There are 2 protein chains.
Amino acid sequence: MFIKENLSRKEQVYLHATEMFKDRGYAATSMRDLANSLGIEAASLYSHIRSKEELLRKICFDIAAEFIGGLINVEQKDIPASEKLRLGIISHTKVIARDLASAAVFFNEYRNLSPAYLHDFLLLRINYINRFKKMIKQGIADDEFAEVDIKLAVMTMFSSLNWMPTWYNHTESIDQEKVSTELAQMLIKGLKK
Amino acid sequence: MFIKENLSRKEQVYLHATEMFKDRGYAATSMRDLANSLGIEAASLYSHIRSKEELLRKICFDIAAEFIGGLINVEQKDIPASEKLRLGIISHTKVIARDLASAAVFFNEYRNLSPAYLHDFLLLRINYINRFKKMIKQGIADDEFAEVDIKLAVMTMFSSLNWMPTWYNHTESIDQEKVSTELAQMLIKGLKK
DNA sequence: CCTACCGATCGGTAGG
DNA sequence: CCTACCGATCGGTAGG
């Protein structure tokens, strides 16, 4: 990875750490690897951060906050359930597309958090999922959606969205706006009666 | 994990390794952890296996073979593209459901393979994906499916399927047959015109 | 399957 | 930001 000149050293550390955790996994990335990618010694990292886990923690909880923040905006609107779900999906994909590497770490590396933080993380996640479940339930109650299994539906939806960082590439043909809208459309069509 | 008495020691080693790689990740699972779960010393593992990576390799490539084998059966049938895709999805989910832990390792831990094996693995995977892409293309050409972006469609599909091991639980309410058919139905409905 | 190890590498600290 | 380390742990081997 190249080093961006306009970032503080601490920001550079986070940027490189996120990219490396995504590519190799948290456990398989050593602090020496990380230091090396920045052209410094491993010991020097500790004048910018407290520990390796601090890196993971910040990446995971910052993205969690973005997901929740985006959803709150959508929930307040007075619109049909299917439309709410569509906007919820778009909000979710936008958070992912804005920072693919952090999202990938969020989805795949959170289990490396120490028990106390892992606990908090899982609570945030279950809360977020439940709010999507609520939208789908509402859609079924209002006769907009077919009588699908709620858990299956919401998990299918999140699966489609959360695997995005592993295949979506900013430089490629499909642009982010199109991915968001097509994905939302395809998933909602799958739920409709 | 409990130890099943009717399995050979080698099979027990693989069973425990698969479960632990799934839960903690390959890099975060030490051979001492693995030995401990079997009630033996780490050094004793090496009378059953050659190396840690051999475990990962066998898990990943065995599942790859199952995926490909299942698809070949479907491809030979003379049926419409949408039906072929439906059976392809069902075959895929059945491989996953038959061994959730191995499938999870296949999807999330393959990147820990050493370069030479990683290369072969990625070739198998791209080949498999391309065969699904072909079915979707055929469906569009035959006017069965809407003019979706092929890459987006196939990635959405695999995402939905491949995240299954992380949320599907054999002991739970939804049975495997229902998951397979509902999932296939939802995804294909999302593609239709 | 065990004891007794091996060299390498890990995350991190002290002190400048 | 560096040099010089620390104790702990890693995957794995020798020899029984």
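Note that this is a predicted model, so its numbers are computed, not measured. Order of the sequence lines fixes the chain letters, A, B, ..., with proteins taken first and strands second; residue numbering starts at 1 for each chain.
- Whole-Å rounding puts the B/Y46 OH to D/dG11 P distance at 6 Å.
- The environment of NZ in B/K189 is crowded: more than 12 heavy-atom neighbours from other residues, nucleotides or ligands sit within 6.0 Å.
- The closest donor-acceptor contact from the side chain of A/K52 to the backbone of A/T29 lies under 3.5 Å.
- With B/F67 as the fixed residue, the ring-ring contact (aromatic ring centres under 6.0 Å, His included) test singles out one of B/Y128, B/F132, B/F61: B/Y128.
- Placement of B/I89 and B/I140 within a single hydrophobic cluster is found when ILVMFWY residues are connected by side-chain heavy-atom separations under 4.5 Å, directly or transitively.
- Over its full length, the helix from C/dC1-D/dG16 to C/dG16-D/dC1 turns its helical axis through 10°, comparing axes from the five pairs at each end and rounding to 10°.
- At least one donor-acceptor pair closer than 3.5 Å links the side chain of A/Y26 to the backbone N or O of A/E53.
- Scanning residues 50-61 of chain A for heavy-atom distances under 4.0 Å to DNA chain C yields A/S51, A/K52.
- Straight-line distance from the CG atom of B/L45 to the C1' atom of D/dG12: 11 Å, rounded to whole Å.
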Test ring pair (Phe, Tyr, Trp, His ring centres under 6.0 Å) applied to A/F106 and A/F121, step by step: CA-CA 10 Å; A/F106 175 96; A/F121 180 90; 5.0 Å; yes
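- In this structure, the side chain of A/E144 engages the main chain of A/A81 through a donor-acceptor pair within 3.5 Å.
- Taking atom CG of B/L34 as the reference point, atom P of D/dG11 lies 10 Å away to the nearest angstrom.
- In this structure, A/R125 fails the cation-pi test against A/F158, since its NZ or CZ atom is not both closer than 6.0 Å to the six-membered ring centre and inside 45 degrees of the ring normal.
- A/D120 places no side-chain N or O within donor-acceptor distance of the main-chain N or O of A/Y117, the cut-off being under 3.5 Å.
- A/E75 has no carboxylate O lying under 4.0 Å from a charged side-chain N of A/K134, or vice versa, which leaves the two without a salt bridge.
- Between A/N112 atom CG and C/dG11 atom C1' there is a gap of 14 Å when expressed in whole angstrom units.
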I'd like to compare against my own output: the B/S/- annotation of nucleotides 2-9 of chain C with a strict under-4.0 Å heavy-atom distance to protein. BBB-----
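- Rounded to an integer number of Å, the gap from CE of A/M31 to P of C/dG12 is 6 Å.
- Whole-Å rounding puts the A/N36 CG to C/dC10 P distance at 11 Å.
- With respect to B/E83 and B/K77, no salt bridge is recorded, no charged nitrogen being found less than 4.0 Å from a carboxylate O.
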